[in-house]
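Note that this is a predicted model, so its numbers are computed, not measured.
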Amino acid sequence: MILAAWLLHNNVATENLTLWLLAGIAVAAMRFAAIYYARQGMADVQVFHKRCAVYAVTIFMAGAHWGAITLLWHSDMPPAHQIQLLLFPIALAAGAVAGYGAWNTAFFAFLYPCLLPVLGLFLWAPVEGYTGTVAPALLYLAGLTLLGRHHQRTLAETLALQIENKHLVRDLSEQNTELESAIKRAECASKAKGEFLATMSHEIRTPMNGVLGMTQLLLDTEINNRQQHYARTIQKSAQSLLTIINEVLDFSKIESGKIELESVEFDPKSTVNQVVSLLQSNATEKNLKLSVTFDSETPELVVGDPLRLQQILINLVGNAIKFTSKGGVDIILDRHSHNAEEKLTTLRFQVKDTGIGIPSDKLDTIFEEFSQADGSTTRSYGGTGLGLAIARRLASLMNGDLSVTSQTGAGSCFTVLCEFSTDTSGIAHSTEQNEHTKHSFCGEHVLLAEDCFVNQEVAFTMLENLGLQVTLVDDGEQALDAVKENLLNDSTSKRKRFSAILMDCHMPKMDGYTATAAIRNMNHPLAKSLPVIAVTANAMSGDKKRCLDAGMSHYVSKPIDRNELIDVLTDALEDQHQFPRAA
């Protein structure tokens, strides 16, 4: 406005120019007041719309103010001033596209009162030299009108997209929140399930250790044939229950992805023979023939996990014997395929029986968790319905598969494909043996820390029967005190120093983990190397690692297997002072 006033001051009366300037200042003040007024009413939609209408009126007044510049026009003005003066409303009208284009009402309220008076000047009072500009000016007005409409649509679409994006972001945020919540619930459920399984495993294995341990001790005594039959029946029943517990734990570990396969060098033929040796008595009891056939191309050594392979075969051969009343079970091992470049071979294990067979409509369901081919199967033969599901998943972990063909009343054939490496360089040998070597531990002194009375009696008697001298304590605090006395007061002690400690993990006052850590921190050179064997009913994934992390050097799970205990004691004493194996 100041520049326009300067252009007009020589050709327009001062009173008129001053009045125009004051009107412009007043209109500007009203516009700012209307903006403030409208913003204060944003909380109420209806109030806000009314105040926006007031603001539109002030915009119209601003446009009319600039359009009124034609009233100050004077034909005696220099041509340069005339052109400059005409550019003001034209430029302001163009700027309105950006300033008011988002709101058509405001845009047109400013555009037309700003430009129409100028066009009227050209039409009704033509100024010399500018008559030819009327048509272009009209086209310019029409163009601005269309441009304003287009600008408004573009902004509206952009705003709609922004709103839609915000809604999408909000929806995604809500979905992410729900997903995170679901993940947390699943993690909590998984953790709760894991804790439940760990607790149940511990609580069941603890009394199972007493049942199996006492049964083994009973079988080692002089008893008559009837008593021996009763004891062996108890032993088999307890072992069947332990198998069910192990299957549930194995399935849980596989389901959570926490199971890991070993890579050791082993003879697949020897693994099959071990399975036959373990199950031969079961077949003999039912007068079944258990035969093995090896293909000539079967490799002598492969690299893989022999224990998990054995677990698969024990399940398949055990089932075959269970569901066969006459005839026999054949185990066939051959090489299915071989990749010389990658040094990989796929072995095929077939278990054929002459048993009851499986209906064709049940062939797929038998590999599902907790399912049987027939509802009466569980009642007639027992089982959890987990064995085949675990076997198939283990085969899958070995890059293989488990399949079946069968005919009702004519038997079944289960086929296992497992991939193994034939590159045995730098691979550890399997320590599995068909028979456990007997050892003599006479003169060796061990500390047994166990709080359960039944488990104390089982472990104490097993150790004494192996020729060991045993000191028994009831908790971790007593174990720590016994070690301190044994190591620090050895010169006055009637007993020899401890060769090893068998430590239960869960005991009152002080648990085995804390006691072991305290022993390792003792200020005595032998405390660092003294073998501590974890003897625990904890058999879940990660329990062995926790024991080793606490400073324990070996691990035995309950129920205690005597042969496993012999092997662990032998290894522990060899590590301690090169204990010689008995011939």
Side-chain angles (χ1 to χ4, degrees), residues 236 240 243 247 266-302 304-338 345-360 362-364 366-367 372-374 377 380-383 385 387-396 398 400-420 432 434:
K236 284 187 176 181
S240 297
T243 299
E247 283 184 348
F266 71 99
D267 180 2
K269 297 178 183 178
S270 176
T271 300
V272 173
N273 286 330
Q274 289 176 36
V275 172
V276 172
S277 177
L278 289 170
L279 299 176
Q280 182 63 64
S281 61
N282 295 14
T284 302
E285 286 179 2
K286 299 182 71 173
N287 295 320
L288 299 176
K289 181 182 179 182
L290 188 57
S291 62
V292 179
T293 303
F294 296 128
D295 182 73
S296 59
E297 294 185 353
T298 303
E300 295 295 328
L301 292 175
V302 294
D305 192 329
L307 292 179
R308 292 300 179 183
L309 174 60
Q310 188 180 81
Q311 181 178 351
I312 295 172
L313 296 177
I314 286 175
N315 180 274
L316 298 181
V317 178
N319 281 347
I321 294 172
K322 181 196 300 185
F323 295 111
T324 302
S325 57
K326 60 180 180 179
V329 177
D330 297 328
I331 305 172
I332 303 170
L333 169 59
D334 61 4
R335 188 172 71 178
H336 180 258
S337 63
H338 181 65
T345 188
T346 299
L347 299 183
R348 176 168 52 197
F349 302 83
Q350 291 180 291
V351 179
K352 298 181 179 181
D353 64 64
T354 56
I356 60 176
I358 305 169
S360 58
K362 300 293 184 180
L363 288 177
D364 292 331
I366 62 171
F367 295 109
Q372 299 277 11
D374 191 326
T377 300
S380 302
Y381 298 97
L388 289 177
I390 292 172
R392 172 171 270 189
R393 294 200 183 192
L394 288 176
S396 178
M398 297 180 187
D401 193 19
L402 171 59
S403 59
V404 61
T405 57
S406 182
Q407 185 177 350
T408 304
S412 305
C413 176
F414 284 84
T415 302
V416 185
L417 298 177
C418 295
E419 184 182 78
F420 301 100
E432 292 297 306
N434 290 335

> Can you tell me if Thr346 uses its side chain to pair, donor with acceptor, with the backbone of His336 under 3.5 Å?
no

> Looking only at non-hydrogen atoms, find the nearest pair between Gly304 and Phe266 and report the distance.
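Of all heavy-atom pairs spanning Gly304 and Phe266, the closest is N-CE2, 3.6 Å.
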
> I'd like to know if the side chain of Thr284 and the backbone of Gln280 have a donor-acceptor N/O pair within less than 3.5 Å.
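Yes.
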
> Please lay out, stage by stage, how Val329 and Lys289 fare under the test side chain to side chain contact (heavy atoms under 4.5 Å, CB included).
CA-CA 6 Å; Val329 177; Lys289 181 182 179 182; over 6 Å; no

> Is any side-chain N of the basic residue among Arg348 and Asp334 closer than 4.0 Å to the acidic one's carboxylate O?
yes

> To the closest 0.5 Å, what do you measure between CE (Met398) and CD (Glu419)?
11.5 Å

> Below 4.5 Å, heavy atoms only, C-beta onward: do Thr405 and Ser412 meet side chain to side chain?
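Contact flag for Thr405/Ser412 side chains = no.
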
> Strictly distance-based, threshold 3.5 Å: is any side-chain N or O of Lys286 a donor or acceptor partner for the main-chain N or O of Ile321?
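Pair found, side chain donor or acceptor close to backbone of Ile321.
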
> Where is the tightest heavy-atom contact between Leu347 and Pro299, given as atom of each residue plus distance?
CD2-CD, 3.7 Å

> Before you tell me yes or no, could you show the steps for Asp295 and Leu333 under side chain to side chain contact (heavy atoms under 4.5 Å, CB included), namely the whole-Å CA-CA distance, both residues' side-chain angles and the distance that decides it to 0.1 Å?
CA-CA 6 Å; Asp295 182 73; Leu333 169 59; over 6 Å; no

> To the closest 0.5 Å, what do you measure between CD1 (Ile314) and CG (Leu309)?
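The distance works out to 9.5 Å.
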
> Can you name the closest pair of heavy atoms from Pro359 and Thr408 and give their distance?
CA-OG1, 3.5 Å

> Taking Ser396 for the side chain and Arg392 for the main chain, is one N or O donor matched with an acceptor at less than 3.5 Å?
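Checked: no pair found.
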
> Is a donor on one side and an acceptor on the other found under 3.5 Å between the side chain of Asn315 and the backbone of Gln311?
no

> To the closest 0.5 Å, what do you measure between CG (Asn319) and CG (Leu388)?
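If I round to the nearest 0.5 Å, the distance is 5.5 Å.
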
> State, yes or no, whether a side-chain contact exists between Phe294 and Asn273 at a heavy-atom distance under 4.5 Å.
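Yes; the side chains approach each other to less than 4.5 Å.
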
> Out of curiosity, Leu307 CG to Leu394 CG, how far, rounded to the nearest 0.5 Å?
11.5 Å

> Could you tell me the separation between the CD atom of Gln274 and the CG atom of Leu279, rounded to the nearest 0.5 Å?
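One finds 11.5 Å between CD of Gln274 and CG of Leu279.
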
> Looking at Val272 and Val292, what are the two nearest heavy atoms and their distance?
CG1-CG1, 3.9 Å

> Run the side chain to side chain contact (heavy atoms under 4.5 Å, CB included) test on Phe323 and Asp353 for me, step by step, so that the C-alpha distance in whole Å, both residues' side-chain angles and the decisive distance to 0.1 Å come before the verdict.
CA-CA 8 Å; Phe323 295 111; Asp353 64 64; 5.9 Å; no

> Which heavy-atom pair separates Ile358 from Ile366 by the least distance, and what is that distance?
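For Ile358 versus Ile366, the nearest heavy atoms are CD1-CD1, 3.8 Å.
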
> Going through the checks in order, is the side chain to side chain contact (heavy atoms under 4.5 Å, CB included) test met by Val317 and Ile331?
CA-CA 8 Å; Val317 178; Ile331 305 172; 3.6 Å; yes

> Taking all non-hydrogen atoms of both residues into account, name the closest pair between Thr354 and Gly327 and its distance.
OG1-CA, 3.4 Å

> Hey, does the side chain of Asp330 reach the backbone of Lys352 with a donor-acceptor pair shorter than 3.5 angstrom?
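A pair under 3.5 Å: no.
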
> Hey, what do you get for CD (Gln310) to CD1 (Ile312), rounding to the nearest 0.5 Å?
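Result: 11.0 Å between the selected atoms.
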
> Can you confirm whether Glu297 sits close enough to His338 that some side-chain heavy atom of one is under 4.5 Å from a side-chain heavy atom of the other?
no

> Backbone N or O of Ser337 within a donor-acceptor pair of the Thr345 side chain at under 3.5 Å?
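Indeed, once roles are kept as given, a pair shorter than 3.5 Å links the two residues.
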
